[in-house]
Visitor: 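Pasting in a structure now, in structure tokens, and then I'll have a few things to ask.
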Number of protein chains: 2
Amino acid sequence: MIQKLTEHDRENLQESLATSGQKVTPQREIVFAVLLAKRDHPTVEDVFQRARESMPGLSLATVYNCLETFVGCGLVRQVNHERESTRYCPNLAPHAHFRDEATGHVHDIELPPEIIQSLRSILPAGFNSETIEISFRGRSQETAPRSTSN
Amino acid sequence: MIQKLTEHDRENLQESLATSGQKVTPQREIVFAVLLAKRDHPTVEDVFQRARESMPGLSLATVYNCLETFVGCGLVRQVNHERESTRYCPNLAPHAHFRDEATGHVHDIELPPEIIQSLRSILPAGFNSETIEISFRGRSQETAPRSTSN
DNA sequence: GGAATGAGTTGGAATGATTCCAATTTGCAA
DNA sequence: TTGCAAATTGGAATCATTCCAACTCATTCC
Ligand SMILES: [Mn+2]
Ligand SMILES: [Mn+2]
Ligand SMILES: [Zn+2]
Ligand SMILES: [Zn+2]
């Protein structure tokens, strides 16, 4: 069900792992491919189900391990909303998340650099932030079904 | 250990509860007082410990219940960071949170209305958001020990 | 080659915050 | 008083995540 990684994506995976002294494995390839295949912010369980179609023996523990590894080497971001299961996002561009309360879907919202700047500027002296997380909650008129893009 | 609610705070509690058809109880008074006494974004467990000093028989379940009730009637906000325990905040003014990775402390960051506006404006058409949450993560030069105000 | 080494994987057990539930207790109202 | 409905309580159940010990597999070293 899951298509192989493109040459480019595979290289990206390989290099990112290499920088933190880790290797590409069949499991990591598939988990990464699953994330790229459908960018709908899947939970670990979602990833597990999808990845299993290509690799039936894959274990849930390994999915947790792979995702943790990817987060560690900056290949993907974790996305948390309230107390729900953690979701994973391979979009590395600065962006916020919009959580549709009706459907549970999570959408990426592009974040202009000037907004990020103005946010940083509201921090009092002495506060140094490496990370800013912004999440919206509400309803959206769930438009285009959103293709199963790359 | 915990001082009683001021006349003003008690009224506030009473009215907020009333609007959603609920009543003031000794447990709710104490839990609310605990939140107001030390605005350090305590976890449920923190609140439980502090409240027990004034009411030894108080149960953890009740603390969960009270806090849920307060969130429901808009008296306090929940604050989540990553996968950690939920924290509670009685500051109703629009504000972001800064989580100090060194100490674990959570600080309120005032949020100017124009920032909120500009954030709303980045939402594509069709997205209606009722809530925006902003959280910073980083280090702060932990200044003034922050008084046990109010 | 064949053993040693070490990262990665696996299944299942352990954790821990939160939720559920059934039994009491409480505050009012009939 | 008696009866109710809401609130409280203690303990069990949930469930995402973490932990762990055994196993696999590729690579390095005689
Ligand atoms: Mn969607
Ligand atoms: Mn502090
Ligand atoms: Zn995203
Ligand atoms: Zn706050």
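As the structure is a computational prediction, the values presented were derived from the model and not from experiment. So you know, we letter chains A, B, ... as the sequences are listed, proteins then strands, and number each from 1.
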Visitor: Closest to the Ser85(A) side chain: dT9(D), dT8(D), dA16(D)?
Guide: dA16(D)

Visitor: So what does Glu45(B) touch, heavy atoms closer than 4.0 Å: a base, only the sugar-phosphate, or nothing?
Guide: nothing

Visitor: Can we say Glu82(A) and Arg99(A) salt-bridge, meaning some charged N sits less than 4.0 Å from an Asp/Glu carboxylate O?
Guide: no

Visitor: With a 3.5 Å limit on both atom pairs, tell me what dC30(D) is paired to, counting Watson-Crick and G-U wobble, or say none.
Guide: dG1(C)

Visitor: Is Thr25(A) close enough to dT9(C) that one of its side-chain N or O atoms is under 4.0 Å from OP1 or OP2 there?
Guide: yes

Visitor: Where the side chain of Asp46(A) meets the backbone of Thr43(A), is there a donor-acceptor pair that is under 3.5 Å apart?
Guide: yes

Visitor: Rounded to whole Å, please give me the gap between OH in Tyr64(A) and P in dC15(D).
Guide: 13 Å

Visitor: Can you measure Gln14(B) atom CD to dG27(C) atom C1' for me and round it to whole angstrom units?
Guide: 15 Å

Visitor: If only side-chain N and O atoms of Thr62(B) are considered, is one of them under 4.0 Å from the OP1 or OP2 phosphate oxygen of dT8(D)?
Guide: no

Visitor: If you check every side-chain atom of Arg83(B), which of dC19(D), dT17(D), dC20(C) has the closest atom?
Guide: dT17(D)

Visitor: Ile30(B) has an atom CD1; how far is it from atom P of dT8(D), in whole Å?
Guide: 11 Å

Visitor: Hey, does Thr86(A) reach any base, or is it just sugar-phosphate, or nothing, if we go heavy atoms under 4.0 Å?
Guide: sugar-phosphate

Visitor: Kindly say if Gln27(B) contacts the phosphate of dT9(D), meaning a side-chain N or O under 4.0 Å from OP1 or OP2.
Guide: yes

Visitor: Rounded to the nearest Å, what distance is computed from the CG atom of residue Leu17(A) to the P atom of nucleotide dA7(C)?
Guide: 15 Å

Visitor: Looking at every heavy atom in both Arg28(A) and Cys66(A), which two are closest together, and how far apart are they?
Guide: CG-SG, 3.7 Å

Visitor: Starting at the 5' end of DNA chain D and moving along, which residue's nearest nucleotide shows up first, Gly21(B) or Ser59(B)?
Guide: Gly21(B)

Visitor: Just the rounded figure in Å: distance from C1' of dT10(C) to CG of Leu58(A).
Guide: 10 Å

Visitor: When you compare the side chains of Asn65(B) and Thr62(B), does any donor N or O come within less than 3.5 Å of an acceptor on the partner?
Guide: no

Visitor: How about Asp108(A) and His41(A): does a side-chain donor come under 3.5 Å of a side-chain acceptor?
Guide: yes

Visitor: Just call it for Gln22(B): base, sugar-phosphate, or nothing, with non-hydrogen atoms closer than 4.0 Å on any strand.
Guide: sugar-phosphate

Visitor: Tell me: CE of Met55(B) to C1' of dT26(C), nearest whole Å?
Guide: 12 Å

Visitor: CG of Leu67(A) versus P of dA16(D): gap in Å, rounded?
Guide: 15 Å

Visitor: For the side chain of Asn65(B), counting heavy atoms from C-beta on, which of dG11(C), dT8(D), dT18(C) is nearest?
Guide: dT8(D)

Visitor: Could you state the atom-to-atom distance from NZ of Lys23(B) to P of dT25(C) in whole Å?
Guide: 18 Å

Visitor: Any side-chain N or O of Arg28(A) less than 4.0 Å from the OP1 or OP2 oxygen of dG8(C)?
Guide: yes

